[in-house]
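Note that these values count all heavy atoms, side chains included, but never hydrogens, waters or copies made by symmetry.
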Amino acid sequence: MAGRGNKKNNNNKGKGNNPAAPTRPIGITITEEEAALLKKAKTIAKDAELEMTEFKKLLEHDLEAEIDQKRQDQEKELEGAKTEFEEKYKKELDEKHSALKKETSELEKTKIALEGSISGLQVELDKISEKINNADKEAKGITDKAEEDAQGIIDKAKEEAQAASQEVLDDIEKQKSELEDQMDDFETKQFELEAREAQLASKEKRVSKQAEVYDAANPDVVESLRRQVTVTRDQLDAVRDEYESVQIELNKIKLRQIKSEGISPEEMQKENERLMQKVEDLENRCNRYSDYELLEMKRALDAEKDYLIRIQNQDREISESKAELGRLQNGQMEYEQLRSQLDLLRTLNEHLRGELDNTKKMLESSVGEICPALTAIDIQQTELTGEEYNRVQQRANLKVDMGSMNLPKLVSHVKTYAASRSKPLFYTDRDLRSYIAGMASSHLSILQGMSGTGKTSLPKIFAEAVLGEINVVVVESSWRDRNELLGYYNDFSKKFTAKEFTCDLYRAGSDRYKDTIYLIVLDEMNLSRVEYYFADFLSILEHEASKWKIKLVDTDLRQLPTEITKEVKDALEKESGKEIAELKDIVEKLYPNLSLNEDDETKVNANDKLRLIAYLSAKKFKNATNTRYLVGGPQNLIDGNTIRIPSNVWFVGTANRDESTFEITDKVYDRAQVLEFNKRAKGKQLPEVDKIYLPYEALEKMFMKAAVEFEFDGENYALLAEIEQILQANFKISYGNRILDQINKFVPVYVAAGQGSGLTNDDLIGEAIDYQLTYKVLRKLEYVEMNRDTNKDAGDKLRKKFEQKGMKLAKEFMDWKLRGEE
């Protein structure tokens, strides 16, 4: 890690590790006698330090004995006072019982009257429901009529479209007829061209004869005639080009006509060949006519073409105008119909909204507790009977004597208790030391491994053995966010449905349980992605305990009381200031006669109501019978919507690794303490062992005492530094401050829990580091290939190092990796 090279490796002092390097003198020379005196002085100082430590322990022991004696004396005095108080309290209770009996009879009468009112309200609610049903039927009738009108509009549009289509087909037939007439004219002109071609042939014969005469008689005239022939031929070529373009346009028109008539491709091909042959014949015939005649024919044909194009354009414009006019007329009609329907629906909607507001107001006026689950827990804490109260009394009777309890005895007690049950379970000392040390280093533990090895049973056994509280929350595969764990708020009913997990957190933070070890087990925690539903807790548990808070909802779950006491008004009268004056005004509006005036409640805004709720909650006003707090809703939420994660709560997740579960990510593993169960431990059933009550505060004191007596500094521990260097250089794997802090907390508690086991402190440190390295650091090598030479060499080096240090778990992991198993 950064900065390690500038620190001394002094963590192994007194723990059997390598001693620090001897100090070199810098520029100072001393005699042997002075050196001997200096050595003797160091020895005396060291002995004095040891004596001071022993003296300190003796003083602490005497102080603890004296405190225990005083505590016993005080308990005796308290017992006498308790007896006297119980007699006095019993008398008062008898008097209150008679008063309450009388009040109960009056409440019964009130209850009967309220039931009558409720039945009346139910009748009104039935009437409102009937109105809503009638409105629904009316709305359905309007909707059906709108659909019928829409279908009529569609049918009409179809008819108009068919009419427009028929009109287009009629235009096509008309154009087809005109084209046929044009073709007849063209054939007539063709015959004329053939006749003129014959005339032209005879003229050519005469011209050739005359040319022979002129060749012999007049060369200039011949040359002039030749130029005229050339010009005529050029004009003829131009006419031919124009004719070809006209023929192409004609073919296109013919092709469109063929497509509209649905002619097959074979027929079209034959027609095309026929036309090509006809074009070729026409070209041959055209060569027989004079330039003047061809020019006249071209002019007539061009004029006809332009005329046809103008007619087609006009027809197209007329069709488009008709279609647009139809669309506009249809749109206008639809708009008028929709506008009338919209007006009708708006009127109906306003009526239904009014009915809904009235119904909602009635529901809100009789909504009761906003969060009944958490409010029920508040009420349970005041009860002096029942199973919960009996457990409290049992803990008081079986509270452990801290003078005789320590971590080794705790491990032994849990192990013996597990083996003494009717269905015994067996755990090794190493596993129990690891579990308890994991509690000291993180409030999140993960127990993973094969089914049937006692993963879920371990936290249950621990909680039973020390009379703690435990609840198992079954994780479902459908969980996607924290609401699955905490609960939901319904905006319509104005109720918050707290989940079992939330109730456990709330109960653990109450006065009755605040000194009880409380375990919440997330069974099969990786059936869904842990970082989805548990993300908030993963982040919050990183901070100091004072910041362990989760906001449940944005709204305040506390409620205004239905009536206030004279004590509230008297308290407001005694105080002064602008804030108090405003609160007095709010109270006068809401409670003119000490009872909540629901008619005037709407005159006070929500912010002012919250101000009054905060004031009443802070003053801890009680109700008229002095049985509970005045303000309704959960009493122990911060600002009425935020729950605190108590420091006496530990989260324990059990995890299987198969095809039905998700892989747990590094983010979760790095924040948790991991314990793996790969085989079932064996043992012999023992005689029944009594439970003890170990308070949370006592467990925390044992953790703090271990941290002082067996302080560990992983930053300067040589073995950790060497292993980290190998992992960093070869696999680019390291561990951050979070894991290092957990190691520094884990090791001292593990060593303290192993005292008297026959193992030295160095052996216990080795076991603790073995656990931490295997499950928190080496786990990152799980998907790293070891087949490459460099990786295999580094893996062999790690395995040998673990074998030399007796780190069994780490060595087994590297053996598994080097064998190439998956």
Side-chain angles (χ1 to χ4, degrees), residues 85 89 92 95-96 99-100 103 106-107 110 361 364-372 374-375 377-379 381-382 489 494-496 506 509-512 514 544-644 646:
F85 178 76
Y89 189 62
E92 292 178 357
E95 294 174 356
K96 288 183 178 179
L100 286 173
E103 187 178 352
E106 294 176 356
L107 288 174
T110 306
K361 188 173 181 181
E364 289 176 353
S365 64
S366 59
V367 70
E369 292 290 346
I370 295 180
C371 186
L374 301 186
T375 304
I377 294 174
D378 286 336
I379 296 173
Q381 307 311 303
T382 64
Y489 181 75
K494 303 297 182 185
K495 283 185 178 290
F496 177 73
Y506 190 77
S510 64
D511 291 339
R512 183 168 282 182
K514 65 182 180 181
E544 58 270 19
S546 62
K547 296 183 180 180
W548 289 2
K549 304 172 186 175
I550 292 284
K551 193 172 184 180
L552 297 177
V553 290
D554 292 329
T555 188
D556 196 322
L557 297 180
R558 295 172 295 185
Q559 297 169 274
L560 285 171
T562 55
E563 60 181 6
I564 61 172
T565 60
K566 190 173 181 298
E567 181 187 4
V568 176
K569 288 198 171 185
D570 292 342
L572 287 170
E573 290 297 333
K574 293 177 183 178
E575 300 183 44
S576 60
K578 182 180 178 182
E579 178 75 14
I580 297 298
E582 292 174 352
L583 288 174
K584 287 179 183 178
D585 183 54
I586 295 170
V587 169
E588 289 299 326
K589 288 180 179 178
L590 292 175
Y591 302 93
N593 298 314
L594 299 183
S595 295
L596 181 62
N597 188 345
E598 295 183 0
D599 294 334
D600 290 340
E601 187 179 356
T602 55
K603 297 179 181 178
V604 179
N605 61 48
N607 187 49
D608 286 342
K609 292 177 184 177
L610 291 178
R611 290 168 59 195
L612 180 58
I613 287 173
Y615 173 79
L616 297 176
S617 297
K619 293 292 184 179
K620 300 292 184 184
F621 288 114
K622 294 292 187 73
N623 59 4
T625 58
N626 204 34
T627 55
R628 60 167 299 177
Y629 288 114
L630 189 60
V631 173
Q635 301 297 317
N636 294 321
L637 292 179
I638 303 170
D639 297 330
N641 59 8
T642 301
I643 192 169
R644 186 184 299 279

Test side chain to side chain contact (heavy atoms under 4.5 Å, CB included) applied to Asp511 and Gln381, step by step
CA-CA 8 Å; Asp511 291 339; Gln381 307 311 303; over 6 Å; no
State whether Lys589 and Asp585 are salt-bridged, where the test is any N-O pair (Lys NZ or Arg NE/NH1/NH2 against Asp/Glu carboxylate O) under 4.0 Å.
yes
Which heavy atom of Cys371 sits nearest to which heavy atom of Pro634, and what is that distance?
CB-CG, 3.9 Å
With sequence neighbours left out, write down each residue that passes salt bridge (charged side-chain N to carboxylate O under 4.0 Å, His left out) with Glu563, or none if nothing qualifies.
none
Rounded to the nearest 0.5 Å, the OG1 atom of Thr642 sits from the CG atom of Asp556 at a distance of 9.5 Å
Measure the spacing between CZ of Arg644 and CG of Asn636 and express it to the nearest 0.5 Å.
10.5 Å
Taken to the nearest 0.5 Å, the spacing of Thr375 OG1 from Tyr506 OH works out to 7.0 Å
With respect to Val631, which candidate in Arg558, Gln559, Lys620 satisfies the side-chain contact (heavy atoms from CB on, under 4.5 Å) definition?
Arg558
Is it true that, when you exclude Lys547 itself, more than 12 heavy atoms of the residues, nucleotides or ligands shown sit nearer than 6.0 Å to its NZ?
no
Pair Arg611 + Glu579, salt bridge at N-O below 4.0 Å
yes
Quick check on Asn593: does its CG atom have over 12 non-hydrogen neighbours (other residues, nucleotides or ligands) under 6.0 Å away?
no
Val587 and Tyr615: CA distance, side-chain angles, deciding distance, side chain to side chain contact (heavy atoms under 4.5 Å, CB included) verdict
CA-CA 11 Å; Val587 169; Tyr615 173 79; over 6 Å; no
Supply the atom-to-atom distance Leu612 CG to Leu583 CG, rounded to the nearest 0.5 angstrom.
6.5 Å
Between the side chains of Lys569 and Glu588, is the shortest nitrogen-to-carboxylate-oxygen separation below 4.0 Å, so that they form an ion pair?
yes
Tell me, please, which residues at least two apart from Asn641 pass side-chain contact (heavy atoms from CB on, under 4.5 Å).
Lys551, Val553, Asp639
Between CG of Asn605 and CG of Leu610, what distance do you get to the nearest 0.5 Å?
9.0 Å
Can you list every ring pair (Phe, Tyr, Trp, His ring centres under 6.0 Å) pair that touches residues 544-575, not counting sequence neighbours?
His443-Trp548
Side-chain (Tyr489) to main-chain (Leu557) donor-acceptor, under 3.5 angstrom
no
Rounded to the nearest 0.5 angstrom, the CZ-CG distance for Phe621 and Leu616 is 6.5 Å
